[in-house]
Every structure is written in C-alpha cells, then in structure tokens.
Amino acid sequence: MRNLVTLSKLSKRDIFEIFRMTDEIRGGKFKDFLRGKSIVMFFPNTSIRTRVTFEKGIYLLGGQSILFPAETLDKKEKPEDVCGYLSHWADEIIIRHGNLDVIRKIAQYATVPVINAMTDRNHPCEIISDLYALSKTRADFTKDKYLFCGRSGNIGLSWKEAADVLGFELSQCCPRGYEMEGVRVFRDIKEAVRGRDIICTDSLPADILKDFEGHQITKEIMDMANENAVLNPCPPFYRGEEVSEEVIDSGYFVGYQFKRYLLEVQQAVMIFCLTDKEG
C-alpha cells in the first residue's frame, strides 16, 4: 500500500504511473477494482468538485463510500485509537481537512492507504489532475515555464512541490509578504508573464484583495505571455478578483477542459495507493 499525503513524497516515476493508470481507466481497465471494498471519506460540506469526483469514482469502480464530516477528526479521541478500529473495516481513507498534521497522523497510524484530498497547506490530487491535463495538451509540459500569481497557500505550495519533483520552471508573482520560499518572485505582473507558458492562480481571501490590486490576470496580460500560453485558475475562481471576466471567456482559459479529467485521476490515485510498489 502507499499513501498520498504530499506531492513531495512522490517521485517523477510515481506521477507518470498515475498518468498511465488514468489512461487505462479511460480505456476501460480497472472496472470493479473496488468491488467489495469500503472507502471511508472525511469531507467538509463545502466541498463540491473533489467530493463528487472521489465519490462517483468509487461508485464507478464498484466500491462503497462511507462519508463523515471533516470535523469528526477534531474530537478528543486520539488518531491512533481512531485508526486502531477503522483499519479493520476501511480499505482506504480519504481526508479533506484544514490541518495537514491531522492527515499525517492518520497516515502514520492507519494500516490502509490514506489520501489527502486537500488541506490549508496543499492540494496534491488537484495538481496531479492539472498536470495530467497538461500532458494531454502540451508537447512536453515539463519543459513549459509556469507562473503562479497569488499568495503562498495550498495551491501555490502544491505547484512548487510538483515543480521540485518534475523539474519544471516555476515563478511567482505577488506583493511583498506573500512569497513562497525557493521560488523566483516577480512584483510586476507584466514582467512576470513574459516568457511564460502556463499561468496559474488561486482565489484570494477578501481581506487581502486590496494587496493584490494590479496583479489580476486579464486578457491583456495573457497576450504578453508566450504563444499558445494557457490560463489555469484553481476553482473556485472569482471573476473580477484574481482573474478578469473577459479572460475567463477567452480562449486562454482551460479550467473546464482540464477538470474533465479529475474523475479518472482521482480513481487512478485510489488504485495507485492500493497497489504495491513495483520492485
């Protein structure tokens, strides 16, 4: 068995194995892979895309999903005691919780695979899905130059982890005080976007929107990027905030197209974690 808690714990080979499994799922392989298996899920009520794709993915693979609210893991009972019982009945555990340490502790004590479906620090499955989509639309997505426009948070940090594993070039554009460590940072969006192929964003909390004035991705800004550049904002995105209305309605926006792969990628992640490492 294998866990997926952070992208940094995966190898380049692991990511491409998930891609291969995704291709095979789309080709009809792995039907009934989860037949007779129960997948326990901890999700907040606000989750839409991630929960739907995991839950439907389990159903299509023939498995049973058992859903709990994420706050169930915040009770007084220690993680090792929760896992002591849960490992008898669950075949896999999928958790979306704000605190990455909660997922790490569950992964430490569980005897079944644990999958991180999002925390305040990272969002590994989402980024793997975007990378898979890029692998289907770019000549070599690892040779593209990436720009993340936004604060240091779960999406930006996950793009950094992916860049570290796969070796692609990643820069960030943000005001002072919102930088990620170990990434080249631009202050001026017009300078930042020049020479870039993949532009990524994340939504911004209301209390810092003013700080990011002048950092909005517009169609005019995208016109300054490399030829065939694409805009991949992480949902939920908000028109008129981190991205303009017109750029979402332009040919640069690939968000809907990219997310169509999320279902099969989530399925591949579940299969990957339930499959023994080769060698």
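The first residue in the sequence is number 1, and the count goes up from there. Please read all numbers here as calculations on a predicted model, not as lab measurements.
- Partners of K12 according to the salt bridge (charged side-chain N to carboxylate O under 4.0 Å, His left out) rule, which considers only residues two or more places apart in sequence or in another chain, do not exist here.
- T50 is listed as a side-chain neighbour of F43, based on a closest heavy-atom distance under 4.5 Å.
- Residue I217 shares its hydrophobic cluster (ILVMFWY side chains chained together at separations under 4.5 Å) with L147, I189, V193, I199, I221, M222, M224, L231, F237, V243, V247, I248, Y252, F253, Y256.
- Applying the side-chain contact (heavy atoms from CB on, under 4.5 Å) rule to Q216 yields the partners T218, S244; only residues at least two apart in sequence or on another chain are considered.
- To the nearest 0.5 Å, the span separating CG on L61 from CD on Q267 amounts to 4.0 Å.
- L204 and V185 fall into different hydrophobic clusters, where Ile, Leu, Val, Met, Phe, Trp and Tyr are joined by side-chain heavy atoms under 4.5 Å apart, directly or via other members.
- A heavy-atom distance below 4.5 Å is found between the side chains of F54 and I115.
- Between I25 and K29, every side-chain heavy-atom pair lies at or beyond the 4.5 Å cut-off.
- Note on residues 106-119: no pairs pass salt bridge (Lys or Arg N to Asp or Glu O under 4.0 Å), not counting sequence neighbours.
- Between T53 atom OG1 and R51 atom CZ the span is 11.0 Å, to the nearest 0.5 Å.
- Using a 4.5 Å cut-off on side-chain heavy atoms (C-beta onward), Q108 and C83 make no contact.
- Other residues, nucleotides and ligands contribute over 12 non-hydrogen atoms within 6.0 Å of the CZ atom of R239.
- By the 30° and 60° cut-offs, the orientation of the rings of Y261 relative to Y132 is perpendicular.
- Note that NZ of K160 and CD of E181 are 8.5 Å apart. Values are rounded to the nearest 0.5 Å.
- With sequence neighbours left out, S65 forms a side-chain contact (heavy atoms from CB on, under 4.5 Å) with M41, E55, I58.
- Judged as a side-chain contact (heavy atoms from CB on, under 4.5 Å), and not counting sequence neighbours, the contacts of D74 are E71, H97.
- A salt bridge links D144 to R138: one of the charged nitrogens lies within less than 4.0 Å of a carboxylate oxygen.
- Q64 and S38 form a side-chain donor-acceptor contact under 3.5 Å, judged by distance and modelled atom types alone.
- Taking the charged nitrogens against the carboxylate oxygens, E169 and R196 do have a contact shorter than 4.0 Å, which makes a salt bridge.
- The two atoms that bring G195 and K145 nearest to each other are O-CD, 3.5 Å, heavy atoms only.
- In this structure, the side chain of S87 does not engage the main chain of G84 through any donor-acceptor pair within 3.5 Å.
- Around CG of N45, the count of heavy atoms belonging to other residues, nucleotides or ligands within 6.0 Å does not exceed 12.
- Looking at heavy atoms from C-beta onward, M118 lies out of side-chain contact with S47 at the 4.5 angstrom threshold.
- Note that SG of C173 and CZ of R184 are 11.5 Å apart. Values are rounded to the nearest 0.5 Å.
- Contact of the L4 side chain with the F272 side chain is not registered, since no non-hydrogen atoms from C-beta on lie closer than 4.5 Å.
- Dense packing is recorded around CZ of R49, with more than 12 heavy atoms of other residues, nucleotides or ligands lying under 6.0 Å away.
- Side-chain polar atoms of E242 and T201 form no donor-acceptor pair below 3.5 angstrom.
- Under the 4.5 angstrom side-chain criterion for Ile, Leu, Val, Met, Phe, Trp and Tyr, the cluster partners of V5 are V40, F42, I66, F68, L73, V82, L86, I93, I95, L100, V102, I103, I106, V112, V114.
- Other residues sharing a hydrophobic cluster with Y59 under the 4.5 Å side-chain heavy-atom criterion for ILVMFWY residues are L60, L263.
- Counting heavy atoms from C-beta outward, S152 and L157 have side chains that approach closer than 4.5 Å.
- A salt bridge links E17 to R2: one of the charged nitrogens lies within less than 4.0 Å of a carboxylate oxygen.
- To the nearest 0.5 Å, atom CG of residue L131 and atom CD of residue E126 are 11.0 Å apart.
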### Message
Pair T137, Q257 - check side-chain contact (heavy atoms from CB on, under 4.5 Å), show working.
### Response
CA-CA 10 Å; T137 57; Q257 175 188 355; 3.7 Å; yes
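- A donor-acceptor pair is defined here as one N or O able to donate and one able to accept, closer than 3.5 Å; no such pair exists between the side chain of Q266 and the backbone of C125.
- Aromatic rings of F168 and Y146 (six-membered ring for Trp) have centroids within the 6.0 Å cut-off, being under it.
- N154 and N122 form no side-chain donor-acceptor contact under 3.5 Å, judged by distance and modelled atom types alone.
- Within the structure, salt bridge (Lys or Arg N to Asp or Glu O under 4.0 Å) contacts touching residues 80-102 (residues at least two apart or in different chains) are D101-R104.
- Between H123 atom NE2 and T6 atom OG1 the span is 14.5 Å, to the nearest 0.5 Å.
- Of the possible donor and acceptor atoms, one in the side chain of E161 sits under 3.5 Å from a partner among the backbone N and O of L7.
- Connection of F141 to L170 is established within a shared hydrophobic cluster, with ILVMFWY side chains joined at heavy-atom distances below 4.5 Å, either directly or through further cluster members.
- A continuous path of ILVMFWY side-chain contacts below 4.5 Å connects I198 to F19, so both sit in one hydrophobic cluster.
- When side chains are defined from C-beta on, L10 counts as touching I128, because their heavy atoms get closer than 4.5 Å.
- Among residues two or more places apart in sequence or in another chain, the ring pair (Phe, Tyr, Trp, His ring centres under 6.0 Å) test is passed with F30 by F33.
- Hydrophobic clustering (side-chain heavy atoms under 4.5 Å, transitive across Ile, Leu, Val, Met, Phe, Trp, Tyr) groups I39 together with I18.
- Of all heavy-atom pairs spanning F186 and A192, the tightest one is CB-CB, 3.4 Å.
- Qualifying side-chain contact (heavy atoms from CB on, under 4.5 Å) partners for N232, counting only residues two or more places apart in sequence or in other chains: D130, W159, C200, V254, F258, K259.
- With hydrophobic clusters built from ILVMFWY side chains whose heavy atoms lie under 4.5 angstrom apart, V269 shares a cluster with L67.
- Listed by first then second residue, pairs satisfying ring-ring contact (aromatic ring centres under 6.0 Å, His included) with a partner in residues 208-229 read Y178-F212, F212-H215, not counting sequence neighbours.
- A salt bridge links E24 to R20: one of the charged nitrogens lies within less than 4.0 Å of a carboxylate oxygen.
- Here the closest non-hydrogen pair linking P236 and S203 is O-CB, 3.2 Å.
- Heavy-atom minimum distance, I94 versus A117: CG2-CB, 3.8 Å.
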### Message
Pair D188, R194 - check salt bridge (charged side-chain N to carboxylate O under 4.0 Å, His left out), show working.
### Response
CA-CA 11 Å; D188 184 273; R194 289 190 175 95; 5.4 Å; no
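- Looking at E179 and R187, a side-chain N of the basic residue comes within less than 4.0 Å of a carboxylate O on the acidic one, giving a salt bridge.
- Within 6.0 Å of the NZ atom in K37, the count of heavy atoms belonging to other residues, nucleotides or ligands exceeds 12.
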